[in-house]
Each structure stands twice: as C-alpha cells, then as structure tokens.
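Scroll down for the structure; my scribbles are underneath it.
Every chain is numbered from 1 and lettered A, B, ... according to where its sequence line falls, protein lines coming before strand lines.
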Amino acid sequence: MFDNLSDKLELTFKKLAGQATINEVNIGIAMRDIKRALLSADVNYKVAKKLVEDIREKSLGESVIKSVSPAQMIVKIVNDELTEIMGGENQPLNLPPKKIPAIVMVAGLQGSGKTTFCAKLAKRLKKNGKNPILVAADVYRPAAIEQLRTLGEQIDVPVFSVEEPDAMKAALGGLEAAKSGAKDVVIVDTAGRLQIDEVMMAEAEALKNRLSPDELLFVVDSMMGQEAVNTAKAFNDRLDFDGVVLTKLDGDARGGAALSIRQVVEKPIKFMSVGEKVDDLDVFYPDRMAQRILGMGDIVSFVEKAQETLDLEKTMQMQSKLMKNEFDLDDFFDQLQQLKKMGSIQGLIEMVPGLNKMVPKQDLENIDFKPIEAMISSMTKLERKQPEIINGSRRQRIAHGSGTRVQEVNMLLKQFSEMKKMMRSVNRLAKSGRKITTENLALDKFLKR
Amino acid sequence: MGFFDKLGLSRLKEGLSKTRDTLKEKLAFVSKGKTEVDDEFLEELENILVAADVGVETTLDIVDAITERSKGKTYRSEEELNEMVMEEIRKLLVESSHDHPVDFDAPLSAKPYVIMIVGVNGAGKTTSVAKLAHNYDKAGKKVVIAAADTFRAAAYEQLKIWADRAGVPIIGQGQGADPASVVFDSVSSAVSKGTDVVLVDTAGRLHNKSHLMEELAKIMRVAKKKIPEAPHEVLLVLDGTTGQNAVQQAREFTKFVNVTGLVVTKLDGTSKGGIVLSISRELNLPVKYIGVGEKIDDLQLFDRSSFVEALLEKENGKAEE
Ligand SMILES: Nc1nc2c(ncn2[C@@H]2O[C@H](COP(=O)(O)OP(=O)(O)O)[C@@H](O)[C@H]2O)c(=O)[nH]1
Ligand SMILES: Nc1nc2c(ncn2[C@@H]2O[C@H](COP(=O)(O)OP(=O)(O)O)[C@@H](O)[C@H]2O)c(=O)[nH]1
Ligand SMILES: [Mg+2]
Ligand SMILES: [Mg+2]
C-alpha cells in the first residue's frame, strides 16, 4: 500500500492536519501509523515500539507551540529522533598512524558483501596513499580466494592466500607477507557465517584474538529484515566489533535494519556499499540514512557528489542554457556522460527528493549509452536543437538510421523532455531560494505545467 | 538454532513429517493453556508474525481472519486452536502447479527442460543451482549447467567447483562474455546431447536496475530462439533473511521474466522468511525449495506445514527478550 515511510507519514499528517493541537487521541493515531511505517521499513518491532513511545512522549511534551501544525511538529520530532539514533557524525576508519601494518578484519553473514567491500576499501586506502594487502581468509566458499584475487588484480593490490583450508594460517601468513612486503594495511576477508554456528563463530573469535585488528567491521545487507538486530547483537557479543558496513544501498530497501542495529548495538556505521563495482563505496552519513529510512531523499549527498565529479564549467554552461530554455539533445547527451561519471545514477536519483518519483522507471543509469549515441547522431542538427519537431516519420527515420526501434526513440525523447522539465524545476527552486523538496518540486511542476 | 536444523536436515519430505506432540510443544506459546482467541493471544500472534518478517499488512490480515473465524468460539483444546491458526496461514501459500513438478523424480514436460535461476546479489543462486543439479542428477536425469553469470569476479570458477562436486558438465565462456550467448550454447548443446535439464545460473542483479533486468529478458528471448517454450521454469532465489524489500524484488522480477516459483535460502539461520506469505499472496508464486545450508545436500522441498510451524515457533521471540 505504501512504498515508504514518508508516504505513510504524509497520510498520517494529513489526518492530523485539521487539528490545532496534539492530544492523546490524534497522537494515538499518528503513533500507530508511524509504527507501521517503521515496520514496513524493516525497523525491528521492538526497536520500533520503543521509538514510538519516545516520540509520543516528546510530541505530547511539545504540544504548546501554536505556530506549527501538529503534523509538522511530529515530522520534525520523528526525523530528529531517527537522526539521533543513527549517531551524530560520520565516524571515520580508525587506523592508528604509527602502527604498521594496521589491520582491518571483516565478518558477517553469507553473501552480505564482505569480499567486495574488502576490495573497495583496499582501493580507497590506496587512493589515500596507503599500501594495502588483501588476505583471503575465507577458505571454505568455492572460489572465494579466486574472487578476491580477481578483484585484487582489478585494483592492483596484492592478495595473500594459502592452499590449505586454514583461516588462521591464511591470516597470520598475510600478516607476515605484509611485514616483509612493506605493506601498511592488512585487510582480512573472512568466510560468511551464521551467528548460531558455534564452530564458525569460534573461528572468527580466534582470528580476532590473534590478529587484534584495529578495525573489525561487521558487514550487513541493507535489505535484511527483523533478524538483523539479533544477528548484529550476536556478532557483537562475540567479537565486540568496531563498526558496521551497510551494503547494497544501491537497491531500494529502506534500510530500517541499520536503525535497529544502531539502536541496539551502539556501534557506528562507517561505510555504505552502493554497487558491485570497486568504486561503489561511500562513507556513512547518519543524518542521510535517517532520511532514507524515512524516504525523504538525500539532497546533500547528491550535491556534494555532483560537485566532486562534474565538470563545473560545463555544468554552469548547462545551467545557463537551461535557464534560457536552450537545453537541447546535444546537451542532454553531454549531461548523460557527466552523470555517468558520477557512478550510480540511480543512486543519485534516489538521493534527491522528488526525483525518485518523477524520473520514469526506465531510470538513467539503465540507459545503454550506445543506442542513444546512435539515435542522437542519426538526428539532423535541427532535430537536436529542437526535438519538438521530431514527428512520427522523423522518428521512423531516426530509428532506421540508428538500428533501433521507434519505441526506443520515443523513450529517449520522453526521457529528454522529462529531464528538461525536472531540471527547470530544480533550477527555479534553487534560484528562488526555496528548498528542493518533493512538495516544492511537485508544486513548481504543477504551476509551470 | 533455526527450526530446519533440528530436523537434522534429513532429506526432504520424510524429514519434515512431524508428530502431533512436537507440534504441540512448539506452539504452546501462542495458546499456552488457551482454548479461545483473546486480545493477549492476538497481540502475541501479531508480534510473532511481524518478527518473522511477514510484514504489517499481511500480519493484520491474518489477525483479522483469525478474529473473524474464532468469534464466539471456544476450542476443545490448544491443539485445535493451533490447527486453526496454522490453517489460516497455510491458506496464503499457493501450491506449485503440476506443470512445474517439485519432485526431482517426476517426469518433465520437455527435453531439455530449461530452468533459469534469478535473484539479487548474494541471495544464494549459484549454490542453489549446484543443489538442484545434484538432486536432478541423483534422480537419474542428465543435467548441464549454464554459467551465465559472466559478471561477478570468479563466478565461473565458483560454479565450476560446484559442477564438479555435483558431477555434471558446465558450459561457460568466461568473464565478460555475453550471458545470452552462453545460454544459447548450453541449450543447443543440451538439444544435441539429449540432456534432460539445463540449469542456468545468472548474475545477481538488484531489481531496480532496469538495464540489468532487460538483460534477463534478453537471455530469455535468446533461449526461446532455440526452444520456444524455454525457459520452462524461472526460479527466483530469495535470501530468507530479507525483509520487506523481498516483495519489491518479486514484483520487479516477475515483470521482466515469467517467474514460476521461489527458492528461499539461508533458512538454517534464525530468520523465518515470513515475507513469502506476502509474495505468495500478491503474486501467486509458490515456494518450491528452501536452502538450509551451504552444502550440496542442503536443499529441501518446500513443505507448507513445516514452514508455518517454524514461523510460529517461539524461540525466535525468546532469543530477543
Ligand atoms: N548491488 C550491489 N551488490 C553488491 C554490493 N556489495 C556486494 N555486492 C554483490 O553481492 C554479492 C555478494 O558479495 P560478496 O562480496 O561475494 O559477499 P560475501 O559473501 O559477504 O563475501 C556479489 O554478487 C557482489 O557483487 C553492493 O553494495 N551493491
Ligand atoms: N547458511 C546458508 N548459506 C547459504 C545458503 N545458500 C547459499 N549460501 C551462502 O551464501 C553465499 C552466497 O551464495 P551464492 O550461491 O554465491 O549466491 P549468489 O550470489 O546468489 O550466486 C555463499 O557464501 C553461500 O555459501 C543457505 O541455504 N544457507
Ligand atoms: Mg566472501
Ligand atoms: Mg552467483
């Protein structure tokens, strides 16, 4: 029924909208809905229960303020509460500068993304001037070593492994290899294990005791349901890990598991994995995650990431073209190339409030760039400047010339016009100093229809 | 320990048949000494279902159905009450159709019979392919595995090890190859060699990436060039630890390929996989198999009764207190 928490809250608050003050009755309705929404986002039911109780207390306590509606007030309280639980600041990886080699070890359930994360981390550390080595201490899963080796080759980081199925031997050997090879960080990949598997948990514990890692990270899939919190707790009870890595955030799970884990285990979430490629790693921003769980998007990350990667001058040009309504298909193509550079476009779209609703399901990342290139180059100069003139017969000609189907040409033109509309809205909002929120974008789009 | 471990993983059906006694013990919590449905009972049931990842809506529907059905009724015994509750939940789980038999011994409607395995990253697809290959092989069927995950690092190497363990041939073209072409090769080879079953392992893909989803549709189209009815089955592998997002996964995968059933993995852990109730209900998809471990033998035919019992089992709730 509801895709995400914000939709649900919106409705809840609509119900409350007519009422001037928060009282026991309307707060009761709101809290029930908030709880359901939290559960739908995979927040653990016990955590959700406690959270809702806290929110209720706070909301009632604040019922005196007259200038805001109850709905607005509760939204703020919910948001503040979640943000607080997620932890204040982003906590960096804590590698003591003097200790050589520093040691990072990962642990977690099967298939959560440990091996991929190890490679991503190695790449990131390398970029920051470190000289890491990867150690294959998953000696069980078929071809786990080969997997790490392949990833190591991709990022040009050496991988240490042993022949025998002995994780301890691999780990200690890796440590030696680091010392003799003048490596300054050792990243130990381990096998996936269930928290109820005593033998495997004992292995992890032994590894921890022998290695004394500077960072022991628990890797968890953001799609995980109610058991995430018990799993994290069991790993923490046993291993007392230092931080959490949240993976597969390029998906569309709300990630309520993160909130539960944070609440119950009280260890910082340090990284988020946002794709299958070795670059798809980001540090973790608690406030943004809270917003994601709420489904409110993440404009800050978007802007920052855009600033990092986009060719600024081009973007400025583009913007001015947009303002003057001169943005054409040539620019569209350029823009797509730029967005492509930014990594996961879907991820970026998800981060921007409103965009996730407005961009058609055939999202940008999924555009295969080759046919687009072919289509655009099959257009005349005039067509590229004025896509409006591309009628049925022109579409057929373009499809024919580019070896695509008319539907694909239609899709491209549709996406182009959607994008144009949306970018105009974003620009107008930015210019007028209004906040870029779903509501404002929708309003703007409506007004300028 | 998860419920399925306790069965000693004894193979398949026989392992899952249970006596009334254990059943009573297992379910004592919902209806401890109770013979009627009261608020306390309903609240506990609700918590258990939510904690099992059933999801709020489906949970509330179950609770409503049980409230309705038990109105004014007193049951003769705890067991009778339990049975009523379980029956209501079982109703939500659709059964596999006869065209797609779950039994490995059953005759298949086509030769070769092409089964494509799909799902998100890390769900357990490759391991499930290996387990299925092993079971079909044991049932005396001639199997070939198509290595259509050409993306993930060492995906082929992993599958090759499994194929060797299962003792079945594998066809692949190495990393970066076109998966559709691997499938075409495999199906062609199966046709010429008189193979019974082609198991297609595909790369993990998140359902919100439509270019990857398109790729799946393309693989299907290419398979059809050789055999119009292929793939005869598409199994969506769901990680049993997944929460509400699993419904979205199932929705999206069914849009791009005609999913015929589910494999729910990792049920040897503490998660219950309750989300399949919502999926079954909304999308009419049967669960065919469950994964209960990392070994080649750790696959079981899905059994509705055992699944529902496990769902309602107390220990999950207890562990959290
Ligand atoms: N989409 C996506 N896939 C991921 C991410 N992290 C890992 N994966 C994929 O998830 C699967 C399991 O990852 P792997 O690193 O082998 O997990 P491990 O079993 O914990 O070592 C692989 O297919 C990875 O490519 C992520 O952040 N996003
Ligand atoms: N405990 C447990 N682990 C499983 C099960 N099925 C698969 N796995 C593990 O989950 C991880 C990912 O499995 P894999 O088959 O490579 O997933 P894929 O990425 O979907 O192909 C591996 O470590 C497997 O050993 C299961 O039923 N139970
Ligand atoms: Mg691994
Ligand atoms: Mg695989």
Side-chain angles (χ1 to χ4, degrees), chain A residues 1 3 35-37 39-42 44-46 109-113 115-116 119 140-151 154 192 194-197 221-231 233-234 247-248 250-254 256-257 276 346 350 361-363 365-368, chain B residues 1-2 5 47 50-53 55-57 59-60 120-124 126-127 130 151-162 165 175 203-214 239 241-246 248-249 265-266 268-275 294 316 319-320:
Chain A
M1 185 161 51
D3 276 351
K35 183 173 166 201
R36 283 187 193 175
L39 293 175
S40 300
D42 289 322
N44 178 271
Y45 76 104
K46 289 187 177 167
L109 294 180
Q110 290 92 344
S112 56
T115 304
T116 313
Y140 309 105
R141 176 169 167 179
I145 298 174
E146 203 47 43
Q147 183 189 1
L148 194 62
R149 205 165 276 293
T150 309
L151 291 168
Q154 276 175 30
L194 297 173
Q195 78 273 21
I196 51 174
D197 185 336
D221 188 327
S222 61
M223 297 183 276
M224 205 174 166
Q226 293 285 319
E227 275 292 296
V229 66
N230 297 323
T231 308
K233 192 168 178 307
T247 64
K248 306 182 197 173
D250 47 327
D252 55 8
R254 287 286 134 206
E276 294 187 77
Q346 175 60 27
E350 275 282 308
K361 203 72 197 154
Q362 286 71 17
D363 50 78
E365 178 179 21
N366 305 338
I367 292 175
D368 183 358
Chain B
M1 273 297 211
D5 293 288
N47 280 341
V50 168
D53 291 317
V56 181
E57 279 174 47
T59 295
L60 293 178
V120 299
N121 311 79
T126 303
T127 313
F151 179 78
R152 210 196 81 180
Y156 179 81
E157 287 79 356
Q158 182 190 2
L159 194 57
K160 174 82 174 90
I161 293 173
W162 278 122
R165 285 185 193 168
Q175 213 178 352
R205 64 201 77 227
L206 291 177
H207 51 283
N208 59 339
K209 305 195 169 178
S210 47
H211 65 307
L212 295 178
M213 298 304 282
E214 272 302 337
D239 184 328
T241 67
T242 311
Q244 303 308 301
N245 192 246
Q248 195 56 25
Q249 292 174 21
T265 62
K266 308 184 192 175
D268 46 330
T270 52
S271 289
K272 299 290 174 68
I275 195 63
E294 298 185 79
N316 196 11
E320 291 165 43

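Taking NE2 from B:His207 and CG from A:Asp252, the interatomic distance works out to 3.5 Å, rounded to the nearest 0.5 Å. Taken to the nearest 0.5 Å, the CD atom of B:Glu157 stands 12.0 Å off from the CZ atom of A:Arg149. Rounding to the nearest 0.5 angstrom, the gap separating the CD atom in A:Gln110 from the CD atom in B:Glu294 is 4.0 Å. Distance check: A:Leu194 CG to B:Asp268 CG gives 5.0 Å after rounding to the nearest 0.5 Å.
Among B:Ala153, B:Gly204, B:Ala155, B:Ala246, the residue making the largest number of heavy-atom pairs under 4.5 Å with chain A is B:Ala153. When each of B:Leu60, B:Ile275, B:Asn121 is checked for heavy-atom pairs under 4.5 Å with chain A, B:Asn121 comes out on top.
Not counting sequence neighbours, the partners of B:Ala123 by the side-chain contact (heavy atoms from CB on, under 4.5 Å) test are B:Val120, B:Val237, B:Asp239. Shown here are the side-chain contact (heavy atoms from CB on, under 4.5 Å) partners of A:Ala234, two or more places apart in sequence or in another chain: A:Gln195.
Looking at B:Glu214, there are no atoms closer than 4.5 Å to chain A (heavy atoms on both sides), in backbone or side chain. Only the side chain of A:Arg141 comes within less than 4.5 Å of a heavy atom of chain B; its backbone N, CA, C and O stay farther away.
Residues B:Gln158 and A:Gln147 are not in side-chain contact: their nearest non-hydrogen atoms beyond the backbone lie 4.5 Å or more apart. The side-chain heavy atoms of A:Lys46 and B:Asn47, taken from C-beta on, include no pair separated by under 4.5 Å. Using a 4.5 Å cut-off on side-chain heavy atoms (C-beta onward), B:Leu206 and A:Met223 make contact.
Counting all heavy atoms, side chain and backbone alike, B:Val56 lies closest to A:Ser40 at CG2-OG, 4.1 Å. Annotation for A:Ile196 and B:Thr270: closest pair CG2-CG2, 3.8 Å, computed over non-hydrogen atoms. Between B:Asn245 and A:Asp42, the closest heavy-atom pair is N-OD2, 4.1 Å.
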